[in-house]
Protein chains: 2
Amino acid sequence: MSSPRKVSDSTVRRLSFYLRILKEIRGRGVRTVSSARLAESTGVTSAQVRKDLSAFGNFGVRGRGYDVNELGDHIRRILGLNRTWKTVVVGAGRLGGALTSSGDFSRQGFRILALFDTDPAKIGQTVGPATVRPLEELDGFVREEGVQIGIITTPGEHAQDAADLLIAAGVRGILNFAPDRLRVPEPVRLRDVNLAVELEGLTFAITEIGEPGG
Amino acid sequence: MSSPRKVSDSTVRRLSFYLRILKEIRGRGVRTVSSARLAESTGVTSAQVRKDLSAFGNFGVRGRGYDVNELGDHIRRILGLNRTWKTVVVGAGRLGGALTSSGDFSRQGFRILALFDTDPAKIGQTVGPATVRPLEELDGFVREEGVQIGIITTPGEHAQDAADLLIAAGVRGILNFAPDRLRVPEPVRLRDVNLAVELEGLTFAITEIGEPGG
DNA sequence: AATTGTGAACACCTTCACAGCT
DNA sequence: AGCTGTGAAGGTGTTCACAATT
């Protein structure tokens, strides 16, 4: 019930997984689920599941488990998914276009209202549910619409400028796909998705296999 | 020099960041760098930098620091970037297309040789340096070309099938963008990029700000 | 004087194991 | 009997602080 003191990033990531499993389970008409069942589907221990959930409240019933619908509602509320998030994308390249068109974002209350770019050839194009606008309009648009989240898919050298614009206009969180480390002031929240890091983590792991220590 | 017993995922991720900074520093003609300088640019402590590097060898010189070129070479070798990685993408949708065209992959020794899809309308299309082929050709192609890495950008319900095909054909690592948790046998390595998890981590962090515990 | 490499201390996260509830 | 919630134990990753080296 009470607000947690500090919740680890790992816990939050696992909540997303639990939510996904709960949706699947609910689709099959099951009404109750145990921590062991959730653990099995997500690749963690049952104790981990219970610890993660108990950071936010006592959602289960001893001897019985968790109510699938109820737990889903709790997790959605915890993750802030019980509302709509107004979002814009800066950088109308292929990645920005792919994300805008993708179901990942339009699902679950994320609404991409516009893309912004400096390339005159792209201005006015329609991408999924949104239109590409000139970067100069970003500030006014974000302020007027009350946009809370900015997604950066510009080339690395323009990512910090994009972040500065978004922050000045009032966004509260940034999802950054550019490989540069951005500086954002409190209380703006930043999350990075760095494809090079993921690929290199993979090649490291593969390379290790054949080595003596592996 | 010797193989490390066990290196944490966090350490590997930071190596990618160090490498990025080293490239930038080298571009400016600087020849030596301290752990403090690397730390400043990547947002960690200098002790962390030294610990990360010392897991793989003694690359520095006391009182002086690290040679920029030499350290870059070491990290590239550690991450397996001192060679070419043959890669295919399964799922020629917008995301698959964006990744294939993106510089992130063509840089640094990653060569995307083909995309695979079941949609007849997409077969034969050219995406960046590669062509879209029918899924039936995946096994033969991967075997013949000696492809080591598969990137999955299919819808979630087809991701496990894609993984099974890739593994049967002999890939050693998979980068999965589908939101489903894949099962892969040893010694195949799997890495997930889950956009929903990242977005939900961001909304959690934003939502927390206004709360009592924050 | 500057800076690395690293044992020890610390902080954080995960697992164990069981009391407590249904 | 079954399963949660959680204090304690265990394990992993980070920071401290300083001897070693140039």
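Chain naming here is simple, since letters A, B, ... match the order of the sequence lines and numbering starts at 1 in each.
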What's the [atom1]-[atom2] distance between [X] and [N], to the nearest Å?
X     : N      : atom1 : atom2 : value
B/D67 : C/dT3  : CG    : P     : 15 Å
B/E40 : C/dT3  : CD    : P     : 13 Å
A/D9  : C/dT14 : CG    : C1'   : 16 Å
B/L71 : C/dG5  : CG    : C1'   : 14 Å
A/F56 : D/dT6  : CZ    : P     : 14 Å
B/D52 : C/dG5  : CG    : C1'   : 13 Å
B/Q48 : C/dA11 : CD    : P     : 16 Å
A/K6  : C/dA11 : NZ    : C1'   : 10 Å

Taking only the side-chain heavy atoms of [X] (C-beta and beyond), determine which of [options] contains the nearest atom.
X     : options               : answer
A/N58 : D/dT6, D/dC3, D/dG13  : D/dT6
A/A47 : D/dG2, C/dA17, D/dA17 : C/dA17
B/S8  : C/dT4, D/dT6, D/dT14  : D/dT14
A/R50 : D/dT15, D/dG5, C/dT14 : D/dG5
A/R62 : D/dT6, D/dC3, C/dC13  : D/dC3

At under 4.0 Å between heavy atoms, what does A/R64 touch on the DNA or RNA strands: base, sugar-phosphate, or nothing?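 The answer is sugar-phosphate, as A/R64 gets under 4.0 Å only of primed atoms, P, OP1 or OP2.
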
Under 4.0 angstrom, heavy atoms only, what part of the nucleic acid is A/S46 near: base, sugar-phosphate, or nothing? nothing

Could you tell me whether the phosphate oxygens of [N], OP1 or OP2, come under 4.0 Å of any side-chain nitrogen or oxygen in [X]?
X     : N      : answer
A/R14 : C/dT14 : yes
A/S35 : D/dC3  : no
B/Y66 : C/dG5  : yes

Starting at the 5' end of DNA chain C, which residue's closest nucleotide do you reach first, A/G63 or B/G63? B/G63

5' precedence on DNA chain C between A/K51 and B/K51 (nearest-nucleotide basis): B/K51

Check the orientation of A/F141 and A/F116. Use parallel for under 30°, tilted for 30 to 60°, and perpendicular for over 60°. perpendicular

Donor-acceptor pair, side chain of [X] and main chain of [Y], under 3.5 angstrom:
X      : Y      : result
B/D52  : B/F56  : no
B/S101 : B/G97  : yes
B/N194 : B/A196 : yes

Is a salt bridge present between A/R28 and A/E24, judged by a nitrogen-to-oxygen distance below 4.0 Å? yes

